[in-house]
Each structure stands twice: as C-alpha cells, then as structure tokens.
Colleague: 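This is the structure, below, for whatever I ask next.
The sequence lines fix the lettering, A, B, ..., with proteins before strands; numbering per chain opens at 1.
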Amino acid sequence: MHAPFSPSDIWFILAKIPEGNVVTYGQLANMAGAPGYARVVGNILKQLPSGSGLPWHRVINSKGQISFPEASAKYQQQQSLLESEGVTLLNGKVNLKLYQWNGE
DNA sequence: CTGTTGACCAAAT
DNA sequence: TATTTGGCCAACA
C-alpha cells in the first residue's frame, strides 16, 4: 500500500505555514491526516526541489530543534532564515516555548 | 527478499 | 532534566 498522502499534499500544507511560525514534522503528518508519518515528511522535504519557494525552514523536530548537525551548512542556513523572520534560537532550541499553529 | 538508513517521535529509564 | 529504547514508514542497496 502506498502512503496516505502524496508529496504535493505536504507541499500544500507547508505553503500555508505563516511567516514567524514553526511546525514539527509530526504536525505536518497529522495535518495531512497521517499520524506516524513524520519520517516520511522528512524524506519529502529532503527531496524538495530547490527554488520551490516553500518555507521548509519553518519545520523543526519535536524537541524544538533544527534537525541537522549543528556544524552543518544546512543548520546555519535554516537558523539564518528563521531569525530573519523573528524566530530565534536559544540553546539550540527554538525560542518559542510552544510551537504556534493558528489552527486550520 | 532482507537489512540499513533517515530533515522523526513518544515513552521509558 | 537528559539519554536511551523501541516503534514508525518509505527508499535504497
């Protein structure tokens, strides 16, 4: 059986995440109606075409951290993008205690 | 087909 | 509060 959603479903949902907000991989999976598919969401973002214009940087893990090695360029890029929209990191964790999601 | 890997997660320790 | 453990699903070797 195939996944209960297609990559484009995730792209569509991700596109709706407002600037200055962050969501977790698991949340995206839930929003797609597929609890337990957090890893698959990660795989999809991994394959995301560059120049898609999607706010991939607003996706973090459930620990409230960026899912890249701290030393990596990707990590720094994501952090930079987040800070440019007012989301700062404290101790490697997003400085917003609760991940904001303005409902549907 | 089996085994490993990954932008994950929640519960147990 | 910090780590470890077990579970998760799809992609790949």
Colleague: Compare every heavy atom of A/Ala15 with every heavy atom of A/Leu54, then report the nearest pair and how far apart it is.
Modeller: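 Minimum heavy-atom separation between A/Leu54 and A/Ala15: CD2-CB, 3.7 Å.
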
Colleague: Whole angstroms only, please: what is the CG-P distance between A/Asn30 and B/dC8?
Modeller: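 Nearest whole value for this atom pair: 15 Å.
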
Colleague: Excluding sequence neighbours, so at least two apart, what forms ring pair (Phe, Tyr, Trp, His ring centres under 6.0 Å) with A/Phe5?
Modeller: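 Applying ring pair (Phe, Tyr, Trp, His ring centres under 6.0 Å) to A/Phe5 gives A/Tyr37.
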
Colleague: What pairs of donor and acceptor atoms, side-chain ones from residues 75-82 of chain A against any protein atom, are under 3.5 angstrom apart with sequence neighbours left out?
Modeller:
| residue | atom | partner | partner atom | Å |
| --- | --- | --- | --- | --- |
| A/Gln78 | NE2 | A/His57 | O | 2.9 |
| A/Gln78 | NE2 | A/Val59 | O | 3.0 |

Colleague: B/dA10 C1' sits how many Å from A/Gln65 CD, rounded?
Modeller: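 Between C1' of B/dA10 and CD of A/Gln65: 15 Å.
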
Colleague: Looking at A/Asn61, is its backbone amide N or carbonyl O close enough to the side chain of A/Gln65 to form a donor-acceptor pair, meaning the two atoms are under 3.5 Å apart?
Modeller: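 Not confirmed, A/Gln65 side chain does not pair with A/Asn61 backbone.
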
Colleague: Can you check the distance between B/dA7 and C/dG6, where both ends of the measurement are the P atom (answer in whole Å)?
Modeller: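 Looking at atom P only, B/dA7 and C/dG6 are 23 Å apart.
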
Colleague: Provide, to the nearest angstrom, the distance between the CG atom belonging to A/Leu28 and the P atom belonging to C/dA10.
Modeller: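 Checked: the CG to P distance equals 17 Å.
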
Colleague: Rounded to whole Å, how long is the line connecting atom CD of A/Gln27 with atom C1' of B/dA10?
Modeller: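 Taking CD of A/Gln27 and C1' of B/dA10, I get 15 Å after rounding.
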
Colleague: At their closest point, which heavy atom of A/Leu28 faces which heavy atom of A/Ile10, and how far apart are they?
Modeller: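 Shortest heavy-atom separation between A/Leu28 and A/Ile10 comes out as O-CD1, 4.3 Å.
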
Colleague: Could you check whether A/Lys74 makes a cation-pi contact with A/Trp56, meaning its NZ or CZ is under 6.0 Å from the centre of the six-membered ring and within 45° of the ring axis?
Modeller: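 Yes; both conditions hold, so A/Lys74 lies above the ring face of A/Trp56.
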
Colleague: Between the protein and nucleotides 4-7 of chain B, which nitrogen or oxygen pairs are less than 3.5 angstrom apart?
Modeller:
| residue | atom | partner | partner atom | Å |
| --- | --- | --- | --- | --- |
| B/dG6 | N7 | A/Arg39 | NH2 | 2.8 |
| B/dG6 | N1 | A/Arg39 | NE | 3.4 |
| B/dG6 | N2 | A/Asn43 | ND2 | 3.2 |
| B/dA7 | OP1 | A/Lys46 | NZ | 2.9 |
| B/dA7 | O4' | A/Ser67 | O | 3.1 |
| B/dA7 | N6 | A/Leu45 | O | 3.1 |
| B/dA7 | N3 | A/Tyr25 | OH | 2.9 |

Colleague: Just to confirm, is there a sub-4.0 Å distance from OP1 or OP2 of C/dA10 to any side-chain nitrogen or oxygen of A/Tyr37?
Modeller: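 The answer is yes; a side-chain N or O of A/Tyr37 sits under 4.0 Å from OP1 or OP2.
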
